[in-house]
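These values consider heavy atoms only, across backbone and side chains, with no hydrogens, waters or symmetry-generated copies. In listed order, ligands and their atoms are each counted from 1.
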Amino acid sequence: MEGLEGLRRTFRSGRTRGVDWRKAQLLALVKYLAENEAQILEALEQDLGKHPVEAYRDEIGLVKKSAEHSLLNIKKWMAPKKAQLPLLLFPSRAEVLPEPLGTVLIIGSWNFPFSLTLDPLIGAISAGNTVVIKPSELAPACSSLLCRTIPCYLDSEAIKIIEGGSDVAEQLLQHPWDKIFFTGSPRVGRTIMSAAAKHLTPVTLELGGKCPVILDSFSDSDFKVAVKRIASGKWGSCAGQACIGIDYVLVQQKFASLLVESLKSCIKRFYGENMEKLQNICRIVNNQHFDRICKFLEEPGVAASIVYGGSINREKLMIEPTILLDPPLDSQIMTEEIFGPLLPIITLDNIEESIDFINARPKPLTIYGFTKNGKLKEQILQETSSGSVVFNDSLIQFICDGLPFGGVGPSGFGRYHGKYSFDTFSHEKPVMHRTFFLELEPRHPPWNEFKMDFIRLAYKFDYVGLLLLLLGLRRMFTPNRSR
Ligand code: NAD
């Protein structure tokens, strides 16, 4: 690949290792976001019909906050961490030294074209790597803007944006990267992983899946807040085209009609009365995804389960926020990731049944538990597995720099955000410093019974390590007693 050798040369030169270079790049990124805000908002409007407020919340503001967080902490993250050693090894000291991995590849998705490329970039820069970013071709205005503008701000001998589709990504994957950070579908995730395996390249896979809500019973006021948060978690971020967006809701049968009515009024207030007046909601990214989502609604039994919405506008690529009550569990809407503005509500006799319901399906990226019941919370935590769990809210985990963000099982592996991004793009190198003072003879042959006992004890009781050390020193002068 043209330019890859240049990036490797830059890395080998050591330029990206210094804290000054890393900070300068992060500051330049903050400047980039400030000076290009209007163009970024325009590109997001063009590709996805993202409202400027939503766009600032989920992309510009989020990335800026993340860069500032790294700027504040980077020196601390880079510092070697002292490590504890067994007394037996006295005198010596050790530390864990984070080192950059080298030249890394970031492949992004289209739904958050800036945050899903620039947020991992912050981690890669903070850790001192050189980087290639391949944004998604499905958000072409954003991809082109990144490609044109980023080199004007960041060190172009260390950070490159390469535009293109799956063909370009496949070519990029032929090269021996030091890390591949991928955000996208589980299907392409498999391709990434097998390409990486050829070079034994480590990967982080940020994938998707079906994120459920478990909605317990609440007082009136709490229920209203819960419904607002569920509506926002479904339709408020890229019209449901979000990996951590709510996929479906599990609720007790007796609360279902109240939930549907409350969601309806929420939708009307947030996004407009009907299809013609739809506002504050993204469009579907392209025809292919539009058809994919519409197909869910065409399945027998699914259309009949629509209790709100269901209108579409092919020309504008808009799908109305849609609620479905108990669609068939074997229909595609319930077996595939929806990634669009359709919300199935599944009713249960008891809310505890939601545990088995979730466990019968692939591990989700997030489980949203709306409950005040400590026992149910504990059950969700102990009896299910997911990338994360959020109680009584939705989506907000993405803005928390202190929490690792990532999946488990089919929803992906590896993690990032804040310090976790720095770690993801670093190798934690253990370094030991020994002296030539004191030589422990029992570690060396010729073996004998005493040495066996010595090693057994030394491994078992570190606190007697020093004692054993002294004993070992004494015995080092005694003749060998072979068995
Ligand atoms: P996608 O897998 O189709 O594409 C992602 C990236 O992979 C794009 O840059 C694309 O060009 C590239 N790509 C496509 N085919 C490829 C191939 N054969 N070889 C190599 N690269 C290839 O995913 P998408 O449609 O952009 O995004 C939707 C999926 O991503 C959903 O499943 C969603 O849940 C997931 N997602 C996950 C996160 C997360 O943080 N966990 C965030 C956003 C989206």
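A distance of 6.0 Å or more separates the ring centres of Phe370 and Phe218. You'll find the ring centres of Trp110 and Phe339 inside the 6.0 Å limit. Two rings, from Phe425 and Tyr416, have their centers 6.0 Å or more apart. Taking the centre of each ring, Tyr32 and Phe114 stay at or above the 6.0 Å mark.
Between Pro186 and ligand 1, no N or O atom pair is found at a separation short of 3.5 Å. Considering backbone and side-chain N/O atoms, Glu170 comes within less than 3.5 Å of an N/O atom of ligand 1. Of the polar atoms of Glu337, at least one N or O is found under 3.5 Å from an N or O of ligand 1, judged by distance alone.
Between Lys65 and Asp401 there is a salt bridge, since a side-chain N of the basic residue sits under 4.0 Å from a carboxylate O of the acidic one. Between Asp356 and Arg361 there is no salt bridge, since no side-chain nitrogen of the basic residue lies less than 4.0 Å from a carboxylate oxygen of the acidic one. Under the 4.0 Å criterion applied to side-chain N and carboxylate O atoms, Lys295 and Asp291 are not assigned as salt-bridge partners. Using a 4.0 Å cut-off between charged side-chain N and carboxylate O, Asp216 and Lys372 make no salt bridge. In this structure, Lys50 pairs ionically with Glu59, as a charged nitrogen and a carboxylate oxygen lie closer than 4.0 Å.
Side-chain contact between Thr117 and Phe112 is absent, with no heavy atoms from C-beta onward closer than 4.5 Å.
The nearest protein heavy atom to atom 4 (O) of ligand 1 is not closer than 4.0 Å.
Contacts of Leu173 with ligand 1, taken as heavy-atom pairs under 4.0 Å, involve the side chain alone. Residue contacts with ligand 1 for Asn111 involve side-chain atoms from C-beta outward but no N, CA, C or O (heavy atoms, distance under 4.0 Å). Contact annotation: for Ile244 versus ligand 1, there are no heavy atoms closer than 4.0 Å. Residue contacts with ligand 1, taken as heavy atom pairs separated by less than 4.0 Å, involve Phe182 solely via side-chain atoms from C-beta onward. Using a 4.0 Å cut-off between heavy atoms, Ile107 contacts ligand 1 through its side chain alone, with no backbone atom that close.
Below 4.0 Å from some heavy atom of Leu365 lie the following atoms of ligand 1, by number and element: 41 (N). Counting the atoms of ligand 1 from 1 in the order shown, those under 4.0 Å from a heavy atom of Cys243 are 34 (O), 36 (N), 37 (C), 38 (C), 39 (C), 40 (O), 41 (N), 42 (C), 43 (C), 44 (C). Against a heavy-atom cut-off of under 4.0 Å, Lys134 is close to the following atoms of ligand 1: 8 (C), 9 (O), 10 (C), 11 (O). The contact set between ligand 1 and Leu116, taken as ligand atoms under 4.0 Å from a residue heavy atom, comprises 42 (C), 43 (C). Close approach to Glu137 involves these atoms of ligand 1, each under 4.0 Å from a residue heavy atom: 10 (C), 11 (O). Of all atoms in ligand 1, listed by their number and element, those nearer than 4.0 Å to a heavy atom of Gly208 are 34 (O). Which parts of ligand 1 touch Gly108 is read off a 4.0 Å heavy-atom cut-off, strictly below it: atoms 5 (C), 6 (C), 8 (C), 9 (O).
Considering each of Trp110, Tyr416, Phe339, the one bringing a non-hydrogen atom nearest atom 33 (C) of ligand 1 is Phe339. Of all the listed residues (Ser109, Ala169, Gly406), Ala169 holds the heavy atom that lies closest to atom 21 (N) of ligand 1. Closest to atom 2 (O) of ligand 1 by heavy atom, among Cys211, Ser136, Ser185, is Ser185.
A donor-acceptor contact under 3.5 angstrom links the side chains of Lys179 and Thr204, judged on distance only.
For the ring-ring contact (aromatic ring centres under 6.0 Å, His included) test, no residue two or more places apart in sequence or in another chain qualifies with Trp235.
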